[in-house]
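For reference, the structure discussed in these notes is given below.
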Amino acid sequence: MFDTYLANLLRARFAILYVSTWEENRFLEKLRNIVSNPKLINTVRKVYIWSQTDGLVSEEKTFDSKTTDPFDALNAVRKISEPAVVVFKDLHLFLKTTQNPKSYDIVRKLRDIVPELKNGEHIKNIIILSPNLCLPDELRTDVTVLDFPLPTKEEIEANLNQFIEDNRGGKITIDLNETGKEKLVQAALGLTLSEAENAFARAAVEGNKLDEGDVKIILEEKRQIIKKTGVLEYINTDLNIDDVGGLDNLKKWLQKRNNSWLDEAKEYSLPAPKGILLTGVPGCGKSLTAKAISALWQLPLLRLDVGKLFGGLVGSSEQNMRTAIQTAEAIAPSLLWVDEIEKGFSGIGSSGDSGTATRMFGTFLTWIQEKEKPVFVIATANNIASLPPELLRKGRFDEIFFVDLPTAAERKEIFKVHLRKRIKSKKVLGDTKISGAFLAELAEMTEGFIGAEIEQIVIAALFEAFSEQRTVQREDFVKAVRNTVPLSVTQAEQIIALRQWANQRAVAATAYNTDEQDSQNPVAGEDDDLSKQRGGRRIDF
Ligand code: ATP
């Protein structure tokens, strides 16, 4: 797929391509295969490489030493009199216009050379190869940016086979059948080839053996590597969907789409689900659900911190976005959780936006709409009013779900989840019974409480019991409830506004059929129509 795409751009005489990748050698190997294959490229080309240290070189030819200067190298490119692809390895260092006065000359030179490359007698293309995207605005229309995908399963498998071969007969015992190999390869997906090789090596030196059990080490290594991006996190969670109390409508929707990326779904001509946007009252289980989907669908979960994307602390925002997409695609089928999406994409196109946010938003929208790899996007947002309307248009996400204050039935379930999670011994519970009636009483006491507050009530009640070294009692819960001022009181207006928004644009995550009474649950202290109405359209999935 990438090979054909690149070959087509070269054939179509795209003058300058920008490929951002850490994997210089892997890219060059692929490029050499492409440009020497007449089936892909028509006119076979020679590969020239420029680096700051060696200047311009081809397999047979070295130019004089003057070509270590990029300006001279570009002049030398003009003189090449054969079909060629010239790969510039360090040119990005000269494109930072704010840091390098010389960059203005280079940018000008690049722009001047474009018509020659397009129309000259000999077919020539320039490829700027760089680990990060650094493209001055002046070059944007002349340069086509390409993402070099991370290694496929087959490439990682070949790498593992090579590793096994290299270590045969050595100190390391290798005990891997085909299934074991498959598991290690799967675990290493999302890494570059050299990172994968390092991960295999690290796993092998621990105990001088490599077997199926090393999946854990490789996953841990992957987690660390992904974390270094500063904006992505590989989430390992032991939560499951039963740890989310309520939200049955959302759960039903998710359950119906389980396995929909498998071949079986193709028999029904079903498209792989694109993604959902979860919004609503803070602390009611949006993040929790994102994690639980990973367990329900048995898919790896990557969390993208959109706030940090724009923080400017961890490299170029655009590069970070591309890395996130590439990593998610490399481990597909996978989940990409775009957390607090509004932090990145609010105010798009406004006067304060330098253009980067708008461009990235465009990249993200196009990707979400056209992605071919099964990456399911879970976007979570608190402040939806600030999100650009294009994001909410039908067809971007499969569904927009609104997570409201939990109903009485949901509060019962949330209490059950947290009591079950925390109370493990008879010593803590004694004769206190967690009966249906007790849960119903707790739910009644906590009308207008969010899930996070319910969790805190359970913790506070247990602290009471712990501090006196006794069993937990009904009164401990009553006291904890009394001491809590729920968010629905302090932020009543905001919740009403959220509900108003949701009624027009989102579907309720809660299933209301069993709990109609409580669905009139007002926001505490308020007494107008909207305070009584809950948010989101009621659709039964
Ligand atoms: P925010 O927008 O503030 O990040 P959120 O909606 O993502 O909030 P979570 O982080 O999912 O909320 O919830 C916070 C904590 O509250 C969870 O870790 C969980 O312990 C508890 N909680 C919230 N909702 C539920 C729920 N429906 N079931 C069980 N626990 C819940």
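Please read these numbers as outputs of a predicted model, since none were measured by experiment. Order of appearance sets the numbers: ligands from 1, and atoms from 1 within every ligand.
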How about F477 and F438: are their ring centroids closer than 6.0 Å?
yes

Can you give me every donor-acceptor pair (side chain of residues 181-192, partner residue at least two apart or in another chain, under 3.5 Å) with its distance?
| from | atom 1 | to | atom 2 | distance (Å) |
| --- | --- | --- | --- | --- |
| K181 | NZ | N161 | OD1 | 3.0 |
| E182 | OE2 | K153 | NZ | 3.1 |
| K183 | NZ | E212 | OE2 | 2.9 |
| T192 | OG1 | E195 | N | 3.2 |
| T192 | OG1 | E195 | OE1 | 3.3 |

Taking ring pair (Phe, Tyr, Trp, His ring centres under 6.0 Å) as the test, write out the residues that go with F402, two or more places apart.
none

Assess the side chains of K286 and N382: does a donor N or O sit below 3.5 Å from an acceptor N or O?
yes

Q504 side, atom CD; L392 side, atom CG - distance, nearest 0.5 Å
12.0 Å

Extract all N/O-N/O pairs under 3.5 Å that connect ligand 1 to the protein, and present each with both atom names and the distance rounded to 0.1 Å.
| from | atom 1 | to | atom 2 | distance (Å) |
| --- | --- | --- | --- | --- |
| ligand 1 | 2 (O) | K286 | NZ | 3.2 |
| ligand 1 | 2 (O) | N382 | OD1 | 2.9 |
| ligand 1 | 2 (O) | N382 | ND2 | 2.9 |
| ligand 1 | 6 (O) | G283 | N | 3.3 |
| ligand 1 | 6 (O) | C284 | N | 3.2 |
| ligand 1 | 6 (O) | G285 | N | 3.2 |
| ligand 1 | 6 (O) | K286 | N | 2.9 |
| ligand 1 | 6 (O) | K286 | NZ | 3.0 |
| ligand 1 | 7 (O) | S287 | N | 2.8 |
| ligand 1 | 7 (O) | S287 | OG | 2.6 |
| ligand 1 | 8 (O) | G283 | N | 2.8 |
| ligand 1 | 11 (O) | K286 | N | 3.4 |
| ligand 1 | 11 (O) | S287 | N | 3.2 |
| ligand 1 | 11 (O) | L288 | N | 2.9 |
| ligand 1 | 12 (O) | G285 | N | 3.4 |
| ligand 1 | 16 (O) | A452 | N | 3.4 |
| ligand 1 | 20 (O) | E455 | OE1 | 2.7 |
| ligand 1 | 20 (O) | E455 | OE2 | 3.3 |
| ligand 1 | 24 (N) | C284 | O | 3.3 |
| ligand 1 | 24 (N) | G285 | N | 3.2 |
| ligand 1 | 27 (N) | G245 | O | 2.9 |
| ligand 1 | 28 (N) | G245 | N | 2.8 |
| ligand 1 | 30 (N) | H418 | NE2 | 2.9 |

Would you list the atom pairs, donor with acceptor, under 3.5 Å between side chains in residues 360-369 and any protein atom, with sequence neighbours excluded?
| from | atom 1 | to | atom 2 | distance (Å) |
| --- | --- | --- | --- | --- |
| T363 | OG1 | R359 | O | 2.9 |
| T366 | OG1 | G362 | O | 2.6 |
| W367 | NE1 | E329 | OE2 | 2.8 |
| Q369 | OE1 | R396 | NH1 | 2.6 |

